Amino acid sequence: MMKAFIVEDEPLARDELKYLLKRSRQVDVVGEAEGIEDAMRDISHLKPDLVFLDIELAEGNGLQLAKQLAELDPAPSLIFATAYDEFALQAFELYAFDYLLKPYNENRIRQTLDKLMKQRKNREDGPRTAPPASRTAVEQTGKLAVEIDDRIVLIDRDTILFIGLIEGKTIIKTEENEYKIGDPLIVLERKLDNRSFLRVHRGFIVNVIHISEIQPWFNSTYNLIMSDGSNIPVSRTYVKELKQLIGF
């Protein structure tokens, strides 16, 4: 059973969500909070699998909390539960797993939980594999097309060291340049072929051909030393995929 945490400053809405989650028999609500400070402290300690997060809180903004949660290891799956649909794009740029609108719909919540359970099972079963026929544009051309300042720049795939979320900006680091772009990591991950690029952290995708060294770290995690000397963290969530791809 998955562990869930609720961040919601309206008691009635919080109680309703807890009731619906209990009825699902898929999650155990291990904690709740009304504001960012208490939520961050308790989530860091309880390490839930998923966090249901409102956006407009009496004590802070849920999007701000989401950025902080993304830095945790392991980072919980984020499910925004809010009355404001205009924040959906920002939420998904922060790697939200799903975006639920109030008033809550029990069937919609169950769909989200089913989808999350399926994702977790697939991750536990092994690394992601792409169907043979679904070659990406990057695989076919050897170049990644990104928009920078109203221009389309083609970056040679093999020169990319890593792609990361650094200080709220998506960065593509190559052997000679560094590009800041507006696309979230999940969009770039879908464009890249999964034979040489691997997600190793909620905020990092690496090109495995540029990994120079793998250093053990605490709590069964690792640090990757890239060919330019950059240090990239590997969270426990992605260790199995890394080991299977690299073979160690």
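It should be emphasised that the depicted structure is a prediction, and the values quoted were computed from it without experimental measurement.
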For this session: Measure the CZ-CG distance between F97 and L100 for me, rounded to the nearest 0.5 Å.
Result: 10.5 Å
For this session: Run the numbers on E147 and I181 for side chain to side chain contact (heavy atoms under 4.5 Å, CB included), then give the verdict.
Result: CA-CA 7 Å; E147 183 175 348; I181 65 171; over 6 Å; no
For this session: Would you mind reporting whether F5 and L50 have side-chain heavy atoms less than 4.5 Å apart?
Result: no
Exercise. Do the side chain of T159 and the main chain of I155 share a donor and acceptor less than 3.5 angstrom apart?
Worked result: no
Exercise. Are any non-hydrogen side-chain atoms of Y99 and T82 less than 4.5 angstrom apart?
Worked result: yes
Exercise. Is it true that a side-chain atom of D149 and a backbone atom of R151 form a donor plus acceptor pair closer than 3.5 Å?
Worked result: no
Problem set entry | Min side-chain heavy-atom separation L17-L21 under 4.5 Å | yes
Exercise. Is there a donor-acceptor pair under 3.5 Å between the side chain of H210 and the backbone N or O of D158?
Worked result: yes
Problem set entry | P76 side chain near D49 side chain, heavy-atom distance below 4.5 Å | no
Seminar exercise, completed: Rounded to the nearest 0.5 Å, the CG atom of N61 sits from the NZ atom of K67 at a distance of 8.5 Å
For this session: Could you tell me which residues satisfy ring-ring contact (aromatic ring centres under 6.0 Å, His included) with F162, sequence neighbours excluded, listed by chain and number?
Result: none
Exercise. Just checking, is any N or O donor in the side chain of Q26 or D114 under 3.5 Å from an acceptor N or O on the other one?
Worked result: yes
For this session: Please report the C-alpha distance between K169 and L165 in whole Å, then the side-chain angles of each, then the deciding distance to 0.1 Å, and finally whether the side chain to side chain contact (heavy atoms under 4.5 Å, CB included) criterion is met.
Result: CA-CA 5 Å; K169 299 290 184 180; L165 183 68; 5.8 Å; no
Exercise. Got more than 12 heavy atoms from elsewhere within 6.0 Å of NZ, K115?
Worked result: yes
Exercise. Taking all atoms of both residues into account, what is the closest heavy-atom pair of I214 and L224, and its distance?
Worked result: CG1-CD2, 3.7 Å
For this session: Using a 4.5 Å cut-off on heavy atoms from C-beta on, say whether the side chain of L188 contacts that of V146.
Result: yes
Problem set entry | salt_bridge(E8, K102) N-O dist < 4.0 Å | yes
For this session: Give the minimum heavy-atom separation between A70 and A75, together with the two atoms involved.
Result: O-CB, 4.1 Å
Exercise. Going hydrophobic residue to hydrophobic residue with side-chain gaps under 4.5 angstrom, can you get from M2 over to Y19?
Worked result: yes
For this session: Over all heavy atoms of both residues, which pair between I36 and G60 is shortest? Give the atoms and the distance, please.
Result: CD1-CA, 3.6 Å
For this session: Please report the C-alpha distance between R199 and L185 in whole Å, then the side-chain angles of each, then the deciding distance to 0.1 Å, and finally whether the side chain to side chain contact (heavy atoms under 4.5 Å, CB included) criterion is met.
Result: CA-CA 9 Å; R199 175 79 74 127; L185 255 64; 3.8 Å; yes
Exercise. Salt-bridged, E34 to R14, with N to O below 4.0 Å?
Worked result: yes
For this session: Examine F197 and L154 and state if one hydrophobic cluster contains both, with Ile, Leu, Val, Met, Phe, Trp and Tyr joined whenever side-chain heavy atoms are less than 4.5 Å apart.
Result: no
Problem set entry | Inter-residue atom distance H45.NE2 - M40.CE, 0.5 Å rounding | 14.0 Å
Exercise. Does any N or O in the side chain of S230 come within less than 3.5 Å of the main-chain N or O of M226, such that one atom is a donor and the other an acceptor?
Worked result: no
Exercise. Do L161 and N207 touch side chain to side chain, with heavy atoms closer than 4.5 Å?
Worked result: no
Problem set entry | Min side-chain heavy-atom separation V51-I79 under 4.5 Å | no
Exercise. So which of V7, L69, L65 actually passes side chain to side chain contact (heavy atoms under 4.5 Å, CB included) with L78?
Worked result: L69
Exercise. If you look at every heavy atom in F204 and G164, which pair is closest and at what distance?
Worked result: CD2-CA, 3.6 Å
For this session: Using a strict 4.0 Å threshold on nitrogen-to-oxygen distance, state whether D98 and R108 make a salt bridge.
Result: yes
Exercise. Does E178 pair with K173 as a salt bridge, N-O distance under 4.0 Å?
Worked result: no
Problem set entry | Which atom of P216 lies closest to which atom of Y222, heavy atoms considered | CA-CD2, 3.6 Å
Problem set entry | Where S227 and S212 come nearest, the two heavy atoms and their spacing | CA-OG, 3.2 Å
For this session: Using the rule that two of Ile, Leu, Val, Met, Phe, Trp, Tyr join whenever any of their side-chain heavy atoms come within less than 4.5 Å, decide whether I225 and I246 are in one cluster.
Result: no
For this session: Quick one: do I205 and V200 satisfy side chain to side chain contact (heavy atoms under 4.5 Å, CB included)? Show the steps, please.
Result: CA-CA 6 Å; I205 300 168; V200 296; over 6 Å; no
For this session: Indicate yes or no: does K3 engage D28 in a salt bridge with an N to O separation below 4.0 Å.
Result: no
Problem set entry | Note: R41-E37 ion pair, threshold 4.0 Å (strictly below) | no
For this session: To the nearest 0.5 Å, tell me how far S24 OG sits from I109 CD1.
Result: 8.5 Å
Problem set entry | Spacing of E213 atom CD and N231 atom CG [to the nearest 0.5 Å] | 9.5 Å
Exercise. So do the side chains of K143 and R157 get within less than 4.5 Å of each other, counting heavy atoms only?
Worked result: no
